[in-house]
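Everything on this sheet refers to the single structure shown next.
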Amino acid sequence: MNAYTIAQEAYAALGVDTEAALQRLAATPISLHCWQGDDVGGFEKVGGELGGGLAVTGNYPGKARSIAELRSDLEQAYALIPGRHRLNLHACYADFSGGKVDRDALTITQFQSWIDWAKAQGLGLDFNPTYFAHPKADDGLTLSHPDAGIRDFWIEHGKACRRISAEMGRQLGSPTVTNSWIPDGAKDLVMDRKGPRARLEASLDAVFAEKIDPQFNLDAVESKLFGIGSESYVVGSHEFYLGYAIKNQILCCLDAGHFHPTENLSDKISSVLQFVPEILLHVSRGVRWDSDHVVLLDDPTTALMQELVRGNFLGRTHIGLDYFDASINRVAAWVIGTRNSLKGLLLAMLEPAEKLRAVEAAGDFTTRLALFEECKSLPWGLVWDEHCRRQNVPVGPAWLDTLKTYEKQVLSARV
Ligand code: RNT
Ligand code: ZN
């Protein structure tokens, strides 16, 4: 009997069909964030500052310095991750080989090479306007800026990005999720908390005014608790965007690092999805603050994936990653975080859900707790290995050998 068959039988004894779980897992895409590959640098070369209160630490050698290098690194990462996935691009990763334009004038021209590459790789694309790392964002305000000229510039950027997204979605046959995150906020106490929020709502209304077919583009808005330089006030808070998303029936983006440290996304999903059609996740790991560490297979991530599966929410959830670590091999960071997210999903898909529901309904909380705990030591790792085998990617830590070779042959040549 092979290892997978042993696992299959152990799960079958609890009424769990591992084959169904593997099919479901293979059909669940994760959107890899392009910005892990080059420390949120992008290829515009407008100046040195990342800004926006974002911070990447570490100086591991070999970061991607061009679009070609980033694509090569991504191809290596996807080759080590089981399943078909997506790429989440930021507008600052525009391809300017045909000439440079400012952010308010971006069109599909600067992204056609990304679409062509994505098509060849069998990837879907997601997109983000870049409201930071730009001279017009230097004072930390964009869509809520008191100066109408600056607001208009960013509104035009937002509109341009939605049109680009729609074209990506059309060409690739799968809707692009366009996520708007802005850095707007204040370091110290403000007198007026209301004004910037009123301006942000009006700016968003202008950005989203053009109706776009949801089969091509889906809009999401992302809140934040605080950032570097916006410690005392964030215009786009959770309550603000939750309200905006509900009012306009667009997607609410939940980033795992954007809440108080003892809050978890897992408890937010069923509340938010009660009132918005779909959600976007930025699966991340905050350590003491919104530090964007590589995703682990930890309790918060497992609980998040369980909630998506238990609530049957996968069809209304777009799973994306959001972290940036420059202290380890950046390609490995993609592989580790994505594999962990998928492992969390698999664990959730292997739960004896029917049994758990039945005992809960019967008020047998002893059995519920006992089963939750026993599930942790069921042979799920063998089912994961089988998934990797079927998807033709390395089983267990074997992917690391491929990655070390890539580091030696490709990354270390970048000086
Ligand atoms: C910032 C947000 C946002 C960014 C990316 C680069 O706090 O999490 O999602 O990380 O847009
Ligand atoms: Zn995020």
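Heads up: numbering here begins at 1 and tracks the sequence. We count ligands from 1, going down the list as the structure has it; atoms in each ligand are counted the same way. FYI, side chains are in, hydrogens and waters are out, and symmetry mates aren't considered; it's all heavy atoms of this structure.
At the shortest separation from atom 9 (O) of ligand 1 among protein heavy atoms lies E222 OE1, 2.7 Å. In terms of protein heavy-atom proximity, atom 11 (O) of ligand 1 is closest to H90 NE2, 2.7 Å. In terms of protein heavy-atom proximity, atom 8 (O) of ligand 1 is nearest to D322 OD2, 2.7 Å.
Between N179 and ligand 1, no N or O atom pair is found at a separation short of 3.5 Å. For D292, no nitrogen or oxygen atom sits less than 3.5 Å from a nitrogen or oxygen atom of ligand 1, counting backbone and side chain alike. Geometrically, ligand 1 and W35 share no nitrogen or oxygen pair separated by less than 3.5 Å. The shortest N or O to N or O distance between D255 and ligand 1 is below 3.5 Å.
Side-chain contact between R368 and L356 is present, with at least one heavy-atom pair separated by less than 4.5 Å. Put simply, the side chain of F132 reaches to within 4.5 Å of the side chain of T130, judged on heavy atoms. When side chains are defined from C-beta on, I182 does not count as touching E222, because their heavy atoms never get closer than 4.5 Å.
With a 4.0 Å heavy-atom cut-off, ligand 1 is reached by no atom of H33. The side chain of L54, and not its backbone, has at least one atom closer than 4.0 Å to an atom of ligand 1 (non-hydrogen atoms only; side chain from C-beta on).
For R390 and Y4, the positive end sits near the middle of the six-membered ring, less than 6.0 Å away and at most 45° from its axis.
Of the angles at the Zn ion (ligand 2), the one spanning OE2 of E222 and OD2 of D322 is 170° when given to 10°. One finds an angle of 110° at the Zn ion (ligand 2) between ND1 on H282 and OD2 on D255, to the nearest 10 degrees.
Side-chain atoms of S203 come within 3.5 Å of backbone atoms of R199 as a donor-acceptor pair (strictly under, hydrogens ignored).
The ring of H145 has its center no closer than 6.0 angstrom to the ring center of F153. Taking the centre of each ring, W181 and H90 stay at or above the 6.0 Å mark.
With rounding to the nearest 0.5 Å, the separation of CD1 in I115 from CG in L125 is 6.5 Å.
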